[in-house]
Amino acid sequence: MKSSEIREKFLKFFESKGHTIVASSPVVPGDDPTLLFTNAGMNQFKDVFLGFDKRPYTRATTSQKCIRAGGKHNDLENVGYTARHHTFFEMLGNFSFGDYFKQDAITYAWELLTDVFKLPKEKLWVTVYADDDEAYEIWNKSVGVPAERIVRIGDNKGARYASDNFWMMGDTGPCGPCTEIFYDHGPDVAGGPPGSPDEDGDRYIEIWNNVFMQFNRDEDGVMHKLPKPSVDTGMGLERITAVMQHVHSNYETDTFANLLAAARKAVDAAGAGDCDADSPSLKVIADHIRACTFTVVDGVIPSNAGRGYVLRRIARRAIRHGYKLGARKPFFHTLVPALVAEMGEAYPELRQNEKRATEVLKQEEEAFFRTIANGMEILDHALEEMQTSGAQTIDGDTAFKLHDTYGFPVDLTADVCRERGVTVDEARFHVLLDEQRQRAREAGKFKMAHGLEYSGSPTTFHGYDTLVHEGAKVTAVYVDGTPMEQANAGDDAVIVLDNTPFYAESGGQVGDTGELRNATARFRVEDTIKIQADVFGHHGHVAEGAIRVGDIINARVDAEQRARTVRNHSATHLMHKALREVLGAHVQQKGSLVNGERTRFDFAHNGPLTAEQVRKVEAIVNAEILANAATQARVMAIDDAQKSGAMMLFGEKYGDEVRVLDIGSSRELCGGTHVGRTGDIGLFKVVGESGVAAGVRRIEAVTGENALAYLQTLEATVNQAAGTLKATPAELSSRINGVLDQVKALEKELAAVKGKLASAQGDELLAQAVEIKGVKVLAATLEGADAKTLRDTMDKLKDKLKSAAIVLAAVDGGKVQLAAGVTADTTAKVKAGDLVNFVAQQVGGKGGGKPDMAMAGGTDPSGLAHALQGVSAWVAERL
């Protein structure tokens, strides 16, 4: 039975038992900041089990995409070397939310395994928690499993309920006993039954775990029975497939057969030739393409932090294993189509995003291949030295150099070292990494308000509704980072107020500027920054008088600057929505900067936007502006915001309450300031599109009067160019094409004239050739020649001189162009690359090339005459 059939039969079986088939959630749990990746089938039902969410069904079944390659569940180093470890796997599960419990869960599992999958009953063993008599009785009396194949597992970790057969969601909360089902591979495989001293062997393999959420554990460790106990089960598709297909290793199943074949073919085509089909490295590659592709498809791109760093680690580990097999050019990304063919039917998102996944992985692979050879050379050299000295640990400095210079994650270095029986000094590595991060922080943009100690009252922000607040009280004053009672005229300072209309820099929007003033003092606010989450620091300059702690002051925001900023910020939301409409749902914000001049928006996408795509984005945004819809901001609970469809950013941490902004057709979480109506934006124009990192694009745009000024400047440039070419703006394109054609024709004529001139000079040079031991030697300058002319003249001279060694030079604008040529009968003793290098070194350059023809350049024409004079002697020495 194929893995696809097993998946389908599992889901259909539980559907026949009243379960709703629920689609797999993404491997990136966007609504659960406690998880790096989805690592179990129950993740998407977590809030249901906790009672925070209610579904229209009480029974569910899924085939869930899971990744375990970081944090507590990290199997990365074992992948490829064991029979059952994977970074990506599918977890089959059935769930009861206060519906059925132990009796049905156990009998369903037994019926599926023995009646549907036809597994021999005598091959199945089960475990129960030591005190779970109810589960034991069901297995023994209802199902009929003999007592000798039911194992009670007690508390073996030094504490009550600390057992492999007692599951907890956390230190507190839902928990309960579980029963596991094992398959006996037979006496030919080493290992003992579960609970025995030899249980770590491979004979008895766990295939299914049924968790019974029976209790709620409070902070004192007391167990309280849940009013509606639930069931959470998990069976690895890869493991049950191995059992069903009568193989011992997951890598021998049909799930991996085609991927392994595709991996071998790709590696061989990339330079390996004919690699070993049984190599663990091929298993690494086949496993990792699954994890990497699904991660990219679900919105992650390689980076140096968080999920992006885990993706980079997995991808570069796979690439290194291909390199180990002999691949010397990118190959990993070419496996995406093979994965889509294998799993695209079960997971349609693979087919929908195949091109993007391929491009993202290709960019990452090309970047790593540019450095992997040098990095491996350094690592191999270090390992060879260790072998000579007998050391067992590679130094952290080398590991850090590989990470910092060549992009080797430290666990990739450890992976290579592990193959040689060597460890890495990771403690030293992390010391160096922390030092680098500290240097980066110190070299970053200094903000006076950051790092100030403040223990007073928080700042109340009024800037959503007003730009002026009278009667604000000064609660703190800082001069040069030091708390002071007052700041005097001429001081740069940070002022904290109890109330302010000034927006503090946050969420990509810059801080407000403006003025603080009373009868005796005036403070020019140049920026507003958060000292703490709810404390605003007004950073600027005391223009008049003195600002004292306790002063009452009027705060006024620069209205014109704020208006320009909010136009750009509101346009950013509309642009984000438009980009998703034009490019696809994979577009996610990766950073932004909004000020009074423009908006800069970074987003996940794997290639440049076409001119047509840019026009579509502009059209959508400007249509929203013309609709002049009112902007609405609401503060609501995070759960309500999620249900409303508000866009949230992966990796962001949100509080219990959030601010939801509706602007046009866009709905996002945002704490920034915005226009009252979309029409207030006025006009939207994209002014730049570029790449900033692998898989990340940047769009820059302007709005309002800035957009008008941009278009007016553009119009003035067009009119000026049209005037210069004596054409109307409408005729400009055709007139430019005509001028370019004319220039090309003139360049062609000029090249022909140069060629004739050089040919004539070449004929004149024949008489200057000096014969040395049967070889004609010529070194001369060609006036006005370019590189092509030098090469053409060289070929003609070699034909006419028969046996020759020639150097030709030309000088243009202080730069020297050199060509050296040696006829075939002479290259055994005189090589053109060496000859041109001899001359180039004397004119401020260096060179090399083929034995019969070589080019070089120099920057010091003053040494040319002397260098050419020395050519005959140099050739004579070699003849």
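Excluded from the calculations below are hydrogen atoms, water molecules and symmetry mates; all remaining heavy atoms, backbone and side chain alike, are included.
- Proximity of the aromatic rings of His576 and Phe601 is defined here by a centroid distance below 6.0 angstrom, and this criterion is met.
- Other residues, nucleotides and ligands place no more than 12 heavy atoms under 6.0 Å from the CD atom of Gln742.
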- Query: Where do Asn606 and Thr358 land on the side chain to side chain contact (heavy atoms under 4.5 Å, CB included) test, with the steps shown first?
  - Reply: CA-CA 9 Å; Asn606 61 331; Thr358 302; over 6 Å; no
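- A distance-only check finds a donor-acceptor pair linking the side chain of Gln44 to the backbone of Ala23 [under 3.5 Å].
- Contacts of His586 classified as side-chain hydrogen bond (donor to acceptor under 3.5 Å, both in side chains), with partners at least two apart in sequence or in another chain: His605.
- Classified by interplanar angle (parallel below 30°, tilted 30° to 60°, perpendicular above 60°), the ring pair Tyr464/Phe461 is perpendicular.
- For the 3.5 Å distance criterion, the side chains of Thr673 and Gln509 qualify, holding a donor opposite an acceptor.
- Salt bridge status for Glu612 with Arg615: present, with a side-chain N to carboxylate O gap under 4.0 Å.
- Atom CE of residue Met575 and atom OG1 of residue Thr599 lie 4.5 Å apart, to the nearest 0.5 angstrom.
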Return all side-chain donor-acceptor pairs below 3.5 angstrom for residues 721-728, not counting sequence neighbours, or 'none' if the list is empty.
residue, atom, partner, partner atom, Å
Thr724, OG1, Gln720, O, 3.0
Thr728, OG1, Glu731, N, 3.3
Thr728, OG1, Glu731, OE1, 3.4

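- Under 4.0 Å is where a charged nitrogen must lie from a carboxylate oxygen, and between Glu364 and Arg316 at least one such pair does.
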- Task: Could you please spell out the steps behind the side chain to side chain contact (heavy atoms under 4.5 Å, CB included) verdict for Tyr503 and Val557?
- Result: CA-CA 9 Å; Tyr503 181 81; Val557 174; over 6 Å; no
- Task: Would you check, one step at a time, whether the test side-chain hydrogen bond (donor to acceptor under 3.5 Å, both in side chains) holds for Asn568 with Thr703?
- Result: CA-CA 6 Å; Asn568 287 332; Thr703 62; 2.6 Å; yes
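- A side-chain hydrogen bond (donor to acceptor under 3.5 Å, both in side chains) with His538 holds for exactly one of Thr528, Thr459, Asp527, Thr500; it is Thr500.
- In plain terms, the two heavy atoms of Cys292 and Ile314 that are nearest each other are SG-CG2, 3.6 Å.
- We find that Glu618 and Lys685 are joined by a salt bridge, their nearest charged nitrogen and carboxylate oxygen being less than 4.0 Å apart.
- Heavy-atom neighbours of Arg659 CZ from other residues, nucleotides or ligands within 6.0 Å: above the threshold of 12.
- Just one of Glu705, Glu597, Glu560 meets the salt bridge (Lys or Arg N to Asp or Glu O under 4.0 Å) condition when paired with Arg567; it is Glu705.
- Within a 6.0 Å radius of CD in Glu544, other residues, nucleotides and ligands contribute more than 12 heavy atoms.
- If you take CZ on Phe603 and CZ on Arg698, they are separated by 11.0 Å, rounding to the nearest 0.5 Å.
- In this structure, CD in Glu470 is found 12.0 Å from CD1 in Ile553, a value given to the nearest 0.5 Å.
- A 4.5 Å side-chain heavy-atom check between Ser25 and Thr38 finds at least one atom pair inside the cut-off.
- With respect to the salt-bridge test (charged N to carboxylate O, under 4.0 angstrom), the residues Arg562 and Asp512 qualify.
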- Task: Give the C-alpha distance, both sets of side-chain angles, the deciding distance and a yes or no for side chain to side chain contact (heavy atoms under 4.5 Å, CB included) between Leu683 and Ile625.
- Result: CA-CA 7 Å; Leu683 176 65; Ile625 293 170; 6.0 Å; no
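- Not a single donor-acceptor pair under 3.5 Å links the side chain of Arg356 to the backbone N or O of Gly584.
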